[in-house]
Amino acid sequence: MRLSGGLIDRSRTLRFSFDGKTYAGHPGDTLASALLANDVRLMGRSFKYHRPRGVIAAGSEEPNALVELRDGARREPNTRATTVELFDGLQARSQNRWPSLRFDAMAVNDLFANFLTAGFYYKTFMWPRAFWEKLYEPAIRRAAGLGSLSMQGDPDAYDKGFLHCDLLVVGAGAAGLAAALTAARAGARVILADEDHRLGGRLLAESHSLDDRPATEWIASLEAEFASLSNLRILRRTTVFGAFDHGIYGAVERVSDHKPEPGIQPRQTLWRITAKRTVLAGGATERHIPFRDNDRPGIMLGGALRAYANRWAVSPAKRVAIFTNNDDGHRTAFDLISRGVEIAAVVDSRPNAQAKGTYRVINDAVVSGSKGRLGLQSVAVTRGGQTEWIACSALGVSGGWNPNVHLASHQRGRPVWDEAQQTFLAPADLPGGMIVAGAAAAQGTTHAALASGADAALRALNDLGIAASRPALPAAEDAPLNLRPLWHVPGKHRAWIDFQNDVTVKDVKLSHQENMRAVEHLKRWTTLGMATDQGKTANVSALAVMAEMTGKGIAETGTTIFRPPYTPVSISVLGGGNTGEHFRPRRLTPSHPWAAAHGAVFVEVGQWMRAQYFVRPGETHWRQSVDREVLAARKGVGICDVTTLGKVDVQGADAAEFLDRLYCNAMKSLKTGMVRYGLMLREDGQAWDDGTCARLGETHYVVTTTTANAGTVYRHMEFARQCLWPELDVQLISTTDAWAQFSVAGPNARKLLERVVDGFDLSNEAFPFMACANLSVCGGARARLFRISFSGELAYEIAVPARYGNALFARLVELGQDLGATPYGTEALGVLRIEKGHAAGNELNGQTTAQMLGMGRMVSTKKDSVGAVMSRREGLAADTRVLVGLQPVDPSEPVVAGSHLFAEGATQETATDQGWITSACFSPHIGSSIGLGFLADGAARRGEVIVAANPIQNQSVRLRVVSAHFVDPEGERLRA
Amino acid sequence: MLIPHPLLGLRDAQEFSYLGDASLLLRPDGMAENAAETFFPYVYLRENPAGLHRELWFHEQGDRSWLVVTRNTVTHEILGAELAGDVVARNRASRDGGDLA
Amino acid sequence: MPDLEPITALGSNAPRSLSSGSLTLEENAALALASVSLRRNAPKPSPFGLDLPGPGGWTGSQGVSAFWTGPGQWMIEGHHRADSDFAVEVATSCPGCSVTEQTDGFAAFEIRSSMGEKPILRLMEKLVNIDASRLSAGSATRTGLEHMSVFVIRRAPDRVAVLGMRSAAGSIWHALEVAILRLNAAAA
Amino acid sequence: MRYSAFRVLQEALRGHKGWRPLWRDPEPQAAYDTVIVGGGGHGLATAYYLANTFKQSRIAVLEKGWLGSGNIGRNTTIIRSNYLLPGNEPFYEFSMKLWENLEQEFNFNAMVSQRGVVNLFHTDGQRDAYRRRGNAAILAGADAELLERDALRAMIPFLNFDNARFPVKGGLLQRRGGTARHDGVAWGYARGADRAGVDLIQNCEVTGFRIENGTVKGVETSRGFIGAKKVGVAVAGSTSRVMAQAGMGQLPIESHVLQAFVSEGLKPTIPGVITFGAGHFYISQSDKGGLVFGGDIDGYNSYAQRGNLPTVEDVAEGGMAVMPMIGRARLLRMWGGIMDMSMDGSPIIDRTPIDGLYLNSGWCYGGFKATPASGYAFAHLLATDRPHETAGAYRLDRFQRGTVIDEKGAGAQPNLH
């Protein structure tokens, strides 16, 4: 029911729907306040027993009023109605009920509640064994869960950003505002973040005045001042959800959640805030007092009832009762009466409480029961053994306040029990740079909150050496709570502690009985605090009940650890918006435009997109294209963009010595103008990466790495340079992107290149195999030429500045038409290197050795190089597996990579496994499938027929062991 | 985490790659007769302390410096960072005294 | 001039540009780059008369500028000189140094604000985890941007340049473009 | 007390008065035959099998905190046996077979759920590697299937098949893989061990070892000296700390933090376990409805049991890339456990150079699925002084000898495993 006043804009009406029915509210409303205004008390069902539930809180601690918000792909399950700002056209549905919220068939669970006590499922559903997956679990899974996902991709955009400040103030209530004001006036760089869209925090929910004026006037004056301060950044609708190391905080700004759709803006932004100091002014959460059947719609936290009346001008009922153990209950009664709500009674567990107005006070009494199937109708009040039923449609329960110390204990500091204030306070070992203020530090009166906020800021600024003075703060109420602890109303019947997960006082008792008494055992056995509200309203009460049972104090019983996030955070925003094709950067090769225009099919190779093969008109299967490209390279000339290989420029007086220590084979003896193949080991002796090392000048080398290892090899080279041998004069820099590099391979390679070089002698004598040179091409483009081959053909790699790459690629194809010049992609590249028996990623997978690769003798014993010592360990030396070529006995059969190798006739099991096939392809040169693989004793088994077992695809193929060099084993072609 | 780069000030740890214990600076001589015995602990054994740990970080998305960072592995508190090259130079200068890292 | 038509990092004949609200974004295809590293015992050079800056610094004069990239390392920028053999010129003016041609190693993007530094600061906080207000004019630093490594150069209060791997130019452009458009939409 | 549906019914009708503690809280005795240090999953399983299978007596488990408070209490609950290398695969398949009969054996519903594990692949090279791995599993008696894109799409239609930076090309499926309720596993073993007479001693921290002439005599604890003929250490991330007290301060182990995450409860959406092959992300959905997911370790040595934001973002980014339909679900809780990362990524179950002192460690972030076999094999070693046939490769000297078991081929850098 709507009351008078409040901070809502009655000049505008917003239409919204809940469970298909349309209602009206106003700007300033939350979904929860608008529903209450329309007399909707029933908003959800509990998780386990499907009990009818209404809203109990007014903030992000709400455990009951969870809805599915929005429709279609934007459906958002488990959204708290209490934090949803109303907008026109909002659609919400209740969840976890069938067929409807009022008549939920699963509520039958409640009848069997006695069987469904804490931990019951660990004790049953075990027989027969196969029934778990088939019967029990599917039934449990169907019944469990709350809202449902749309199963469609999130259509909205998300953003991330990084902020830096001197002082981060978390919470814009009285304490946070005072802290921000103090620091901002001092000129510090301040960020003030609050989850609400309006500054003020609890001040907005109370009727207190500041300096005899409404609190909103003071807030408005502050906002005016804040707007003039460029050193203060206010983040509204922003929840600081986690405190991480070294003053780094995660925060989510709900940029567009209050709008029907975000438009071009992101829906939410993830901020990573780096703060030198932090004032945590996150307020406090009210406790309820469990009593029999305390979960009916209409039973709420007292402070929430007050907030709804004061800020949103709504009450869930005309006639309301209060149950309290402190003066806050009376404050609620006073505020409600002043807004025209009838107070049936204030039930106070203390003996001598005084009324704050004209209403009935029942002292020394407790609420001991309730009635009303889908909403509260009456409560039982017990005093001195006598029980009286009092009619009321809402009950406000005030059990005291728990400081919101969550962020303070995100770094595993444990909250400390304060016996005097009967509350947990922030741990002594706070996250570095954090100060707690206001209600979060149990400074709950407005006066104390303002003062502690200002003081916290002064302390923080003093630490930072920023001069500041305490601002004049308004006069404010300073009335104590006069709390007398009452953790639950004793009784035999169910009294809820954790509303969402249906954990009752009885469950805690059973947990105690079964020796699940450690706090974590209690949580896990009963599921206490595991629901979407993270136990904000439950955990402390449950601890107190357990303490009562063990007879130990609360301090001794323990405390739970708060973990991030403070409130749940959408996975989308944590992902930061880089999804779909923008998940990772896309690197393009220099010839990409030409390739894209000439039929290339691209493939992801790490971050790179490479041409996999080029489809020519009439080709309908990828093998046609690949076979054509391979044969062209073998018979004419093929051109392939190999820019993706890592290139590192190595210079310095000691460059030769440096490279000699990095590669396992000798490099110092390499002459200027020549290239050498190099193999790098890891320090553990396994083969790591291969490439070429070209000596362009006396003190200038360019080395290449594999595409996959470009980054890690460079890192390792810097490690060697800076950490292992800083005495060497070596300079390193990556030049991978600077040069477009193309492989030109095939019998006509020389002829083709002769058409582009500017007066350079390419004859075998002048530029032999493994030569390199600086030169120019196409009338003056700087270029580098390397005579190297991974295909076994006469081959070169030509490099030009990347900007010319696309044009040079086109030029080579165009000029080589009569020579059969054919662009080829990674598939043909793979076939060519397999035919030549050249190791690549599948062979250099980090699990193989130089010896296995047939390069054991390359590991020099005459020098120290990375990995050389460990490569000689007995276990590595004893491994007889070596790279061999494999060819099917029946040429029509496939060779399949990933098959395991066995001796013919052997049983096929782990113990008889002799190796595996690393790479395989169809070889147009051989006319059958071929492969490379590691085979035990492989060096001695040439000619033997073995079996390749591929049981995962029900294949078994007889293969003959052959040389890994299917093409030109003598190397005549590449030297031609 | 924030790493106090000796040249660039506090930088987010996300800019760095982690390698491990700073004892990796002390690579044994691979040509020594006892190389097999010295390389095994160098490559494979770690103190792995719960407390202060001197460790190597590479400023990969930064100036490409290798740093030796002293960090508490229990609290993540960082007590300091130096250029690894400076640490190596100091080690070598005091090698006669047997002072390592 | 070689008989080959160059293309920009973004793959076309002309640099790409974008203007949105107070910000303009432009691909700078004319920037020549060469890296300089001190060799052992080499004196600090002053290429083209530049006083090479210390850690985190950028300095510029007369069409050339330089920024610190690491201990004993700098990148020299030659504005409007991409077609020249810039590395050779740099090498000549840096005796005793290792010089490497880097012109085509990077894609450069220049961002300008017509409304002073605020739009630049707001843009940078969405892109890089660097305290932009401390990255004053005359600063340069390498950092991460959407899984890429970039140099961020504050050429002036209202100007910032982002240099990243040439091969990733499209991804860098995408990141900058999205951030600029959203910033403008938020301001509107 | 045996648990059963009948018992639950009976207790419900008599007010649950009959339920007894799951385990006793005995005072430590002066000496035991065998002391297990560490009351986590592996320690409890070891005690369980020592007492029940190997019929040993006078056994105690010493736990610094509460039972199950280590990594068994915080993990992503995945069980599978699709390993590659012969040193690993038979062991993990043995573990899977133990999982399959676990609940009936220890009379506790640990919700072992074989709803399948899929490892997605995105390149031809990854497919080849998974084919090799799947074949290795089959050759060791496990199950594996290679699904191509269409078959995978029929099974898991909500993956990002159409707009992905790294398109899904297929997956390696192990149907017998799945999940188990992690706490339930700890409690089941604890209860089973307690019922067989094992003393489970909580809040008892080992502070030193008494070693005489190279032989262990017992352990010093926060509750006094406890004598032992044999001491088995199974303390995961605390291995280096505990073993340093025995003078074995240098081990091929680093402690690293691994974060894991759970979302709010949702109606069932994800059938089994899905692992993204082009980013660091794996996910399943618990019976309560929470999406349980994780990614890579933070990557630096840590004992802090909490991680940092970049890893959180990285994991979420991976999740959004592979299944964007989870975006509007909310992350509810994140936590960090300390992993005993070994130098080759594989575990150690072995004697130590100190007589009577045995080590179980190096589980990296795959320790949960190994719990039954780890306990069984460690119990076998403690009882017989011989390694179990499936754990013979898990030797402490393999690093020196060069017989490492490196599934990832990442080398001697723990944060890469």
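In what follows, every chain begins at residue 1, and chains take the letters A, B, ... in the order their sequences are listed.
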Looking at every non-hydrogen atom in both residues, tell me the closest pair between [X] and [Y] and how far apart they are.
X	Y	answer
D:Arg328	A:Leu149	C-CD2, 4.5 Å
A:Asn78	D:Gly265	ND2-O, 2.7 Å
D:Gly411	A:Asp684	CA-OD2, 3.4 Å
A:Phe115	D:Ala12	CD2-CB, 3.2 Å
D:Gly125	A:Asn842	CA-OD1, 4.4 Å
A:Asp154	D:Gly327	OD2-C, 4.0 Å

Is it the side chain or the backbone of [X] that comes within 4.5 Å of chain A heavy atoms, both, or neither?
X	value
D:Phe158	side chain
D:Ala129	neither
D:Ala164	backbone
D:Val262	neither
D:Asp162	neither
D:Arg333	both
D:Ala410	backbone
D:Trp23	both

Under a 4.0 Å threshold between the charged nitrogen and the carboxylate oxygen, would [Y] count as salt-bridged to [X]?
X	Y	answer
D:Asp397	A:Arg873	no
D:Glu103	A:Arg129	no
A:Arg584	D:Glu317	yes

Are [X] and [Y] side-chain neighbours, meaning at least one heavy-atom pair lies under 4.5 Å?
X	Y	result
A:Val603	D:Asp124	no
A:Ile571	D:Phe293	yes
D:Gln202	A:Arg517	no
D:Pro167	A:Glu604	yes
D:Arg165	A:Met609	yes
D:Trp19	A:Lys123	yes
A:Pro564	D:Arg306	no
D:Asp287	A:Arg141	yes

Do you know which of A:Val573, A:Thr910, A:Asn845, A:Ile917 has the most heavy-atom pairs with chain D at a distance under 4.5 angstrom?
-> A:Thr910
Most chain D-contacting option - heavy-atom pairs closer than 4.5 Å, from A:Glu76, A:Arg267, A:Arg524 = A:Arg524
Option in [options] with maximal non-hydrogen atom pairs under 4.5 Å from chain A:
options	value
D:Val322, D:Asp128, D:Leu266	D:Leu266
D:Lys17, D:Gln114, D:Arg127, D:Arg20	D:Gln114
D:Gly141, D:Pro21, D:Gly184	D:Pro21
D:Ser113, D:Ser69, D:Gly15	D:Ser113
D:Leu146, D:Leu85, D:Leu13	D:Leu146
D:Val8, D:Ile138, D:Leu332	D:Leu332

Spell out, as yes or no, whether a donor-acceptor pair under 3.5 Å connects the side chain of D:Asn308 to the backbone of A:Asp245.
-> yes
Can you tell me if D:His16 uses its side chain to pair, donor with acceptor, with the backbone of A:Asp507 under 3.5 Å?
-> no
Non-hydrogen atoms of chain D under 4.5 Å away: do they reach the side chain of [X], the backbone, both or neither?
X	value
A:Thr79	both
A:Phe47	side chain
A:Arg682	side chain
A:Ser150	neither
A:Asp913	side chain
A:Ile140	both
A:Ala143	backbone
A:Trp525	both
A:Ala73	backbone
A:Gln411	both
A:His410	backbone
A:Tyr249	backbone

Any luck finding a side-chain donor-acceptor pair between [X] and [Y] under 3.5 Å?
X	Y	result
D:Arg181	A:Tyr122	yes
D:Asp183	A:His521	no
A:Thr918	D:Arg132	no

Non-neighbouring partners of D:Glu11 that pass side-chain hydrogen bond (donor to acceptor under 3.5 Å, both in side chains), sequence neighbours left out = D:Arg14
Are D:Arg7 and A:Thr124 close enough, and set up right, to give a side-chain hydrogen bond (donor to acceptor under 3.5 Å, both in side chains), and what steps lead you there?
-> CA-CA 9 Å; D:Arg7 173 75 74 171; A:Thr124 180; over 6 Å; no
Taken to the nearest 0.5 Å, the spacing of A:Ile952 CD1 from D:Arg131 CZ works out to 8.5 Å
Measure the CD1-CD distance between D:Ile405 and A:Gln847 for me, rounded to the nearest 0.5 Å.
-> 11.5 Å
From the list A:Phe120, A:Phe125, A:Tyr136, A:Trp127, side-chain contact (heavy atoms from CB on, under 4.5 Å) partner of D:Asn109 resolves to A:Phe125
Tell me the salt bridge (charged side-chain N to carboxylate O under 4.0 Å, His left out) pairs involving residues 133-143 of chain D, sequence neighbours left out?
-> D:Asp143-D:Arg176
